[in-house]
Peer 1: 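Have a look at the structure that comes next, please.
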Amino acid sequence: MLLRMSTLFLRTLREDPADAEVPSHRLLVRAGYVRRVAPGIYSWLPLGKIVLENVARIVREEMDRMGAQEVLFPALLPREYYEKTGRWTEYGDTLFRLKDRKKADYLLGPTHEELFTDMVKGEYSSYKDYPVTLYQIQTKYRDEARPRAGILRGREFVMKDSYSFDLDDDGLKRSYEQHRDAYIKIFDRLGMNYKIVFAMSGAMGGSASEEFLAPTPTGEDTFVHCRDCGYAANAEAFVTPAPPAYTGERAAQQVLDTPDTPTIETLVDFVNANHGLGITAADTLKNLVVKVTTPGSDTAETLIIGIPGDREVDFKRLEAALAPGEPAIFEADDFARHPGLVRGYIGPQILADLGIRYLVDPRVVSGTEWVTGANEPGKHAAHVVAGRDFTPDGTIEAAEVRAGDPCPVCGQPLIIDRGIEIGHIFQLGRKYADAAELDALGPDGKPIRITMGSYGVGVSRAVAVIAEQRHDELGLVWPREVAPADVHVVGTGKENQIEVATRIAEELEAAGLRVLLDDRSSASPGVKFKDSELLGIPTVLIVGRGLSQGLAELRDRVGGAREEIPLAEAASRVLAAVQAESA
RNA sequence: CGGGAUGUAGCGCAGUUUGGCAGCGCGCUUCGUUCGGGACGAAGAGGCCGGAGGUUCAAAUCCUCUCAUCCCGACCA
């Protein structure tokens, strides 16, 4: 491959585009890789297209290597497939919907579980056919409420999704592990910095699930990890370690007058000042009322959640814990319907009598004592002991996770970071197989319900994440396998530099390298250097002022090293540099 | 959906307060010079000032409505 910049469809920008904030967006636009068409929708210019294809190629190679087979489904899908699994309604506004000329409903696929399941059902019917894993690399469409950060989070994006079909749970585990291994290879080859974290499978159903997160400050997922034992989980999947139960004696419950103390802060100050209690917010138990609706049901359950007063509720964690139920905040008119619940002064002592389910933070173990509401306006109770004065119906992960919280595995303080999801693997189970009645006929003549795994890689997102992780103040710095070329040959000067540069570029191309050649006659050296740095091809060879002394300059865009080398050796030195890295 | 900001040439922006010829930089075209850090000179091309309505002798500028985009939040494989 030899790309000549004299004719390449490329225009770099000297200034940052006004609508770009994050580095990947800024640089991909400035370097002429992508252009915005509409919010969250981008076009890929020639160099960007090459990078995108390189990522897709790496993904494809590793998927093929693990034995998955590639198919391609349409992006435009009829409603009926999504009707069967209930997702036509469940997906809500995020689904791009459209009608054909006959007014029939269609959608642009946000993901393709239904199609994969249906395809397998149509072709395979014997247990002898299984297991099988299929994948596709397809453009997906999601009408996100707020697309942002350029390519990082668009409404149209390229994703690899694969699905494994197994006869039993052991088979599913094997398929899952194979994907895990393949993903490690993929993200390593992509030159990414990433972490594998425990995740919730959420509303999709299923059990084991892990996310591949690329830590970046612009990330939108919060995750915790432990430097000592390697435990890592996203915030939704973090499991709070419970302290040991307390079995000693506790003082008797005591009701306190606490006028005008609807918040934890006012309560703590008041009881310390007026009742001589030296407590902190962590000694209080705050009780949050939510109503939980289950999809397909009209009635909402009233649920109370008790968490230590020094912590906020993390709504994402709460939702994940209640999925597929959907929590909503208790409003004033909800309180009006429950006269037993005194807003701001709710305590768990009476909940069993009211018949309201009560779930607590895992830190609220038997024998712990709390300052909490006394279920009367202006009154709280102290020495309220779990297991004695109230008995929770269970625990729930609803409290925020904080840096320094103990690791659930080894107890060391946890670190909190932000990351972007670049891959997700999970054991789906039988949700979609059930919906499609996907069975294999077993050796005993009885049907076996298939169990599935679902695995995704954000291909276009990966391009942005690499840009996010690999750039400097001058521009992009692509890993070699992803870069639009192996080497950027730059000819500067008014003598015959460009001719010589062209000759060397052709020689390198003949040797099998992918070459970008700056043979523009009008651009000044400064422009060519700036463009070279912006574009971020890992190896740069400059044929310029040194030509008269028979010298060229070899630059390493990654490490920044520069070296004058004899022109005669230029091609072989470039080859050596490229091969050293590929090895 | 809530909060904030912005819409003026391909890109980045000034001009709006206080109404009076549509501007600057980059890019683009032509000629000449220059050629290792986004060169210089000269001459050019390029605009429905987001849209609609209103006020006024006169509107990019003031008023009303509207559309769009970006950022933060909510939401999100």
Side-chain angles (χ1 to χ4, degrees), chain A residues 11-22 25-26 29-30 32 35-41 87 90-95 109-113 138 140-150 152-155 157 159-163 199-206 209-213 218-221 234 236 315-316 319-320 326 328-329 420-426 428 454-459 461 474-475 490-498 518 520-534 540 542-548 551-553 555 562 564:
Chain A
R11 200 96 317 164
T12 58
L13 271 38
R14 186 190 289 245
E15 287 161 299
D16 283 337
D19 59 357
E21 296 280 322
V22 302
H25 189 194
R26 264 178 24 231
V29 172
R30 265 194 69 198
R35 291 288 181 258
R36 196 192 78 107
V37 171
I41 302 176
R87 295 210 294 182
E90 266 176 35
Y91 237 103
D93 290 336
T94 306
L95 200 60
T111 169
H112 284 76
E113 280 83 357
Q138 168 67 286
K140 310 281 180 174
Y141 297 86
R142 292 182 198 173
D143 192 0
E144 300 286 356
R146 185 155 96 81
R148 67 184 85 182
L152 227 35
R153 180 173 185 73
R155 296 193 293 170
F157 55 97
M159 172 168 148
K160 187 285 300 182
D161 54 331
S162 49
Y163 299 87
M200 296 287 282
S201 33
M204 303 288 275
S209 171
E210 286 165 293
E211 280 175 0
F212 289 69
L213 291 184
T218 48
E220 50 194 9
D221 290 0
N234 72 15
E236 287 79 7
F315 209 74
K316 281 185 177 182
E319 282 189 318
E326 289 166 10
I329 298 293
I420 301 168
E421 182 181 350
I422 49 172
H424 194 171
I425 52 177
F426 67 97
L428 250 189
S454 159
Y455 318 89
V457 172
V459 173
R461 176 179 282 186
L474 297 171
V490 178
T492 70
K494 59 175 178 178
E495 314 293 331
N496 59 337
Q497 281 97 338
I498 289 178
D518 197 340
R520 294 174 296 178
S521 53
S522 52
S524 70
V527 168
K528 294 186 175 187
F529 293 149
K530 290 290 184 203
D531 276 349
S532 159
E533 282 142 1
L534 232 197
V540 182
I542 295 155
V543 179
R545 65 177 174 200
L547 182 61
S548 53
L551 293 173
E553 182 180 327
R555 291 187 186 179
R562 301 177 176 197
E564 295 276 339

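Just so we're on the same page: letters track the sequence lines, and every chain starts at 1.
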Peer 1: Check whether any side-chain nitrogen or oxygen of A/Arg36 sits under 4.0 Å from OP1 or OP2 of B/C70, and answer yes or no.
Peer 2: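 For B/C70, OP1/OP2 do have a side-chain N/O of A/Arg36 under 4.0 Å.
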
Peer 1: Suppose we define a pair by two distances each less than 3.5 Å, Watson-Crick or G-U wobble; what does B/U18 pair with here?
Peer 2: none

Peer 1: On a whole-Å scale, what distance lies between the C1' atoms belonging to B/A22 and B/U16?
Peer 2: 14 Å

Peer 1: A/Lys494 side chain N/O closer than 4.0 Å to the phosphate oxygens (OP1, OP2) of B/C35?
Peer 2: yes

Peer 1: Going by purine N1 to pyrimidine N3 plus the second Watson-Crick contact, or the G-U wobble pair, all under 3.5 Å, which nucleotide sits opposite B/G44?
Peer 2: B/C28

Peer 1: If B/A60 has a Watson-Crick or G-U wobble mate with both distances under 3.5 Å, name it; if not, just say none.
Peer 2: none

Peer 1: Sort out the partner of B/C49 for me: Watson-Crick or G-U wobble, both distances under 3.5 Å, none otherwise.
Peer 2: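 Partner of B/C49: none.
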
Peer 1: Both distances below 3.5 Å, Watson-Crick or wobble geometry, any strand: find the nucleotide opposite B/A74.
Peer 2: none

Peer 1: Using purine N1 to pyrimidine N3 plus N6-O4 or O6-N4 for Watson-Crick, or N1-O2 and O6-N3 for G-U wobble, both under 3.5 Å, which nucleotide pairs with B/U34?
Peer 2: none

Peer 1: If B/A9 has a Watson-Crick or G-U wobble mate with both distances under 3.5 Å, name it; if not, just say none.
Peer 2: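 Across any shown strand, B/A9 pairs with none.
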
Peer 1: Say we look at B/C21 and B/G73: how far apart would their C1' atoms be, to the nearest angstrom?
Peer 2: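 Here B/C21 and B/G73 have their C1' atoms 46 Å from each other.
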
Peer 1: Counting distance alone, no hydrogens or angles: does the base of B/G38 have a donor or acceptor under 3.5 Å from a partner atom on the side chain of A/Arg30?
Peer 2: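 Counting by modelled atom types and ignoring angles, a donor-acceptor contact under 3.5 Å is found here.
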
Peer 1: Determine the interatomic distance between C1' on B/C28 and the same-named atom on B/G7; round to the nearest Å.
Peer 2: 24 Å

Peer 1: Provide the distance between the two P atoms, one in B/G54 and one in B/A59, to the nearest whole Å.
Peer 2: 12 Å

Peer 1: Using heavy atoms to find the nearest nucleotide of RNA chain B for A/Arg155 and A/Arg14 separately, return the residue whose nucleotide is more 5′.
Peer 2: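 On the 5' side of the pair lies A/Arg14.
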
Peer 1: Between A/Glu553 and A/Arg555, does any NZ, NE, NH1 or NH2 come within less than 4.0 Å of an OD or OE carboxylate oxygen?
Peer 2: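 Salt bridge: yes.
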
Peer 1: For A/Pro525 and A/Gly150, take the nucleotide of RNA chain B holding the closest heavy atom to each; which residue's nucleotide lies nearer the 5' end?
Peer 2: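 Looking at RNA chain B, the more 5' nearest nucleotide goes with A/Pro525.
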
Peer 1: Taking B/U8 as the reference, what is the distance to B/G3 when you measure between their P atoms (whole Å, please)?
Peer 2: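 So the two P atoms sit 24 Å from each other.
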
Peer 1: Below 3.5 Å, does any donor atom in the side chain of A/Arg146 face an acceptor in the base of B/G3, or the other way round?
Peer 2: no

Peer 1: Has the side chain of A/Asp16 got a donor or acceptor that lies under 3.5 Å from a partner of the other kind on the base of B/G12?
Peer 2: no

Peer 1: Rounded to whole angstrom, note down the P distance from B/G10 over to B/G47.
Peer 2: 8 Å

Peer 1: Return the minimal non-hydrogen interatomic distance between A/Glu15 and A/Arg30, and the atom names on each side.
Peer 2: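 Closest pair (atom of A/Glu15, atom of A/Arg30, distance): O-CG, 3.5 Å.
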
Peer 1: Are any of A/Arg11's side-chain N or O atoms less than 4.0 Å away from OP1 or OP2 of B/C11?
Peer 2: no

Peer 1: Would you check, one step at a time, whether the test side-chain hydrogen bond (donor to acceptor under 3.5 Å, both in side chains) holds for A/Thr111 with A/Glu113?
Peer 2: CA-CA 6 Å; A/Thr111 169; A/Glu113 280 83 357; 2.7 Å; yes

Peer 1: Between B/C63 and B/U56, how far is it from one P atom to the other, in whole Å?
Peer 2: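 One P to the other, the span is 16 Å.
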
Peer 1: May I have the step-by-step check of side-chain hydrogen bond (donor to acceptor under 3.5 Å, both in side chains) for A/Asp161 and A/Tyr163, ending in yes or no?
Peer 2: CA-CA 7 Å; A/Asp161 54 331; A/Tyr163 299 87; 3.0 Å; yes

Peer 1: Counting neighbours of CZ on A/Arg11 that are heavy atoms of other residues, nucleotides or ligands and sit closer than 6.0 Å, is the number greater than 12?
Peer 2: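 Result for CZ/A/Arg11: open.
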
Peer 1: Under the side-chain hydrogen bond (donor to acceptor under 3.5 Å, both in side chains) criterion, do A/Ser162 and A/Lys160 qualify, and how do the steps go?
Peer 2: CA-CA 7 Å; A/Ser162 49; A/Lys160 187 285 300 182; 2.7 Å; yes

Peer 1: With rounding to whole Å, what would you report as the distance between B/C70 and B/U18 at their P atoms?
Peer 2: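 It works out to 32 Å between them.
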
